[in-house]
2 protein chains.
Amino acid sequence: MPAESSTLGQPTRALDTAGRAFYQWRMANIQDDTLASRISRVLAERIISGALSPGARLRQDHVAEEFGASHVPVREAFRRLEAQGLAVSEPRRGVRVASFDLREVREVAEMRAALEVLALRHAVPNLTPAVLDRAEAATAAADGASDVRSWEEANRAFHRLILEPCAMPRLLASIDDLHAASARFLFSAWRSSWQPRTDHDHRAILAALRGGNGDEAAAILGRHVQWIGRTPVRNESGETREIFSIVG
Amino acid sequence: MPAESSTLGQPTRALDTAGRAFYQWRMANIQDDTLASRISRVLAERIISGALSPGARLRQDHVAEEFGASHVPVREAFRRLEAQGLAVSEPRRGVRVASFDLREVREVAEMRAALEVLALRHAVPNLTPAVLDRAEAATAAADGASDVRSWEEANRAFHRLILEPCAMPRLLASIDDLHAASARFLFSAWRSSWQPRTDHDHRAILAALRGGNGDEAAAILGRHVQWIGRTPVRNESGETREIFSIVG
DNA sequence: CCTCAAGAAATTATCTATAATTTTTTTTCC
DNA sequence: GGAAAAAAAATTATAGATAATTTCTTGAGG
């Protein structure tokens, strides 16, 4: 590390700051260093946001060219997207963006309810006032959000904050994947429009947690996550149909 | 398909049978045709059975040579194992068989409880007497099993049978992955020894389902899956320690 | 005898090239 | 003009080769 070690010849305080910055940079890159994972993250982002529509073909050479890479890391990225349920692959016939329907929206909502309730139950004993304060801030951010993207980010932060203290990595990873699926549905429903709302469930959950009532918090969370919103959407041919999406 | 089409020049009945056999063969191979998936399945089998121990390095060139392949499909197989939680990869430092401890055993047990209960609730309305009979047969097979492998297979069949009618593919896939993790723990605990047992829980679940009492069945299943067995195991240096593993 | 450093071997990550398959386009025949 | 067949183009899957990194081995110094 020749470029970085030059910063080490400085006063102690500066060294600490620079050292930490470098460490964080290393962490951010080390655990996700390979081309394959960077490609898979970018593609996942596009699928979730709706920039890549359901059923769209992902052609390895095109993706490779776009990223200035060969198709070997691209294929690895595809395998990862497949495992996350964001893409489907048919041998020798290529990879497509996974499609979804109301059945799957419901399925994801129910899985989230089951797993988030489990996570919250284990998180409760480890919850600190500091964490709850940050969760409250996330709720406020969600209420003040003016577009879907920022609302989703704040909402996800809220759930992550109160669940993370469960310290069950496998469970949290599964929940993350389900959140990604939820976000896909959400963005597809509220493509451009978004009406600000006050999330009473989040506040009720926080109140229950502050009052030491973990069971009640878990019960509200379970219902909250299964809340499925209906939005009328007008398609290209001018017909309107309802799109369903998880909102919690 | 030159070899197969030759079978088509036969009487109608024979054509049907041969045609179906060919179709099934195609199905079995088409949806899992690539070298990468075959390699990942074989490696998964070895990790689950314990033939590959936790922490063991998986070297892409060695695996490639063993399968008479190049390392490109091997790397794709690695990404899949990673997503299933059977392997962990550190960029530029290779892939290792995932290790596990009591914490993870508990985590998997609780996730299975949450998700299998959810699946059963949705399966109940679609359960037929025929399915329950097959589940009963699986239970009998488990009780009569003389080794861990066959017990695990029969046990897994029982769970699959009663949960499959929920018709929630994503949920079932998650449960499958958790079963694989459970089997790892199980095989590591009961490596060679196995004491036959009668599974009263399975019979109680079936009785409740036959009696139309879905809630009771779900409650028993939830407890059943979380049953963690303790086995004293002697390691290389002669010390004994307890190994915990899911049994349900 | 142990620790640390330099060199050698092995291993990973990537790219370029090639064979096989699928999809698209063009052509032919009715 | 439209359906079927043949040819062309695109695309996937795999192999072989190369650069960069890590791990192992060996040797020097304390």
J.: Would A/Asp177 and A/Ser174 count as a side-chain hydrogen bond (donor to acceptor under 3.5 Å, both in side chains) here? Give the steps.
T.: CA-CA 5 Å; A/Asp177 280 354; A/Ser174 288; over 6 Å; no
J.: Would A/Glu107 and A/Arg103 count as a salt bridge (charged side-chain N to carboxylate O under 4.0 Å, His left out) if you check the C-alpha gap in whole Å, the side-chain angles of each, and the deciding distance to 0.1 Å?
T.: CA-CA 6 Å; A/Glu107 194 174 348; A/Arg103 283 194 58 76; 5.8 Å; no
J.: Between B/Val95 and A/Arg92, which has a closest nucleotide on DNA chain C that is more 5'?
T.: B/Val95
J.: The criterion is ring pair (Phe, Tyr, Trp, His ring centres under 6.0 Å); which residues satisfy it with B/His71, sequence neighbours excluded?
T.: none
J.: B/Leu81 and side-chain contact (heavy atoms from CB on, under 4.5 Å): which partner among B/Val97, B/Leu86, B/Val88?
T.: B/Leu86
J.: Evaluate the side-chain hydrogen bond (donor to acceptor under 3.5 Å, both in side chains) criterion for residues B/His179 and B/Glu152: first the C-alpha distance (whole Å), next the side-chain angles of each, then the deciding distance (0.1 Å), finally the verdict.
T.: CA-CA 10 Å; B/His179 267 274; B/Glu152 192 275 332; 5.2 Å; no
J.: Reckon A/His62 has a side-chain N or O less than 4.0 Å from the OP1 or OP2 of D/dT11?
T.: yes
J.: Mind listing the residues from residues 52-61 of chain B sitting with a heavy atom below 4.0 Å of DNA chain C? Number order is fine.
T.: B/Arg57, B/Leu58, B/Arg59, B/Gln60, B/Asp61
J.: Any residue in residues 66-76 of chain A with a heavy atom nearer than 4.0 angstrom to DNA chain D? Just list them by number, or reply none.
T.: A/His71, A/Arg75
J.: Ignoring backbone atoms, test whether A/Arg93 places a side-chain nitrogen or oxygen under 4.0 Å from the OP1 or OP2 oxygen of C/dT21.
T.: no
J.: Any heavy-atom pair between the side chains of B/Ser49 and B/Arg149 that's under 4.5 Å?
T.: yes
J.: In whole angstrom, what separates A/Arg38's CZ from C/dA13's C1'?
T.: 12 Å
J.: Decide if atom CZ of B/Arg106 counts as having more than 12 heavy atoms of other residues, nucleotides or ligands within a radius under 6.0 Å.
T.: no
J.: Should B/Ser37 and B/Thr34 be marked as a side-chain hydrogen bond (donor to acceptor under 3.5 Å, both in side chains) after you check the CA-CA gap, both sets of side-chain angles, and the distance that decides it?
T.: CA-CA 6 Å; B/Ser37 26; B/Thr34 66; 2.6 Å; yes
J.: In this structure, how many angstroms lie between the P atom of C/dT11 and the CD atom of B/Glu65, rounded?
T.: 11 Å
J.: Return the value, rounded to whole Å, for the distance between atom CZ of A/Arg96 and atom P of C/dT22.
T.: 14 Å
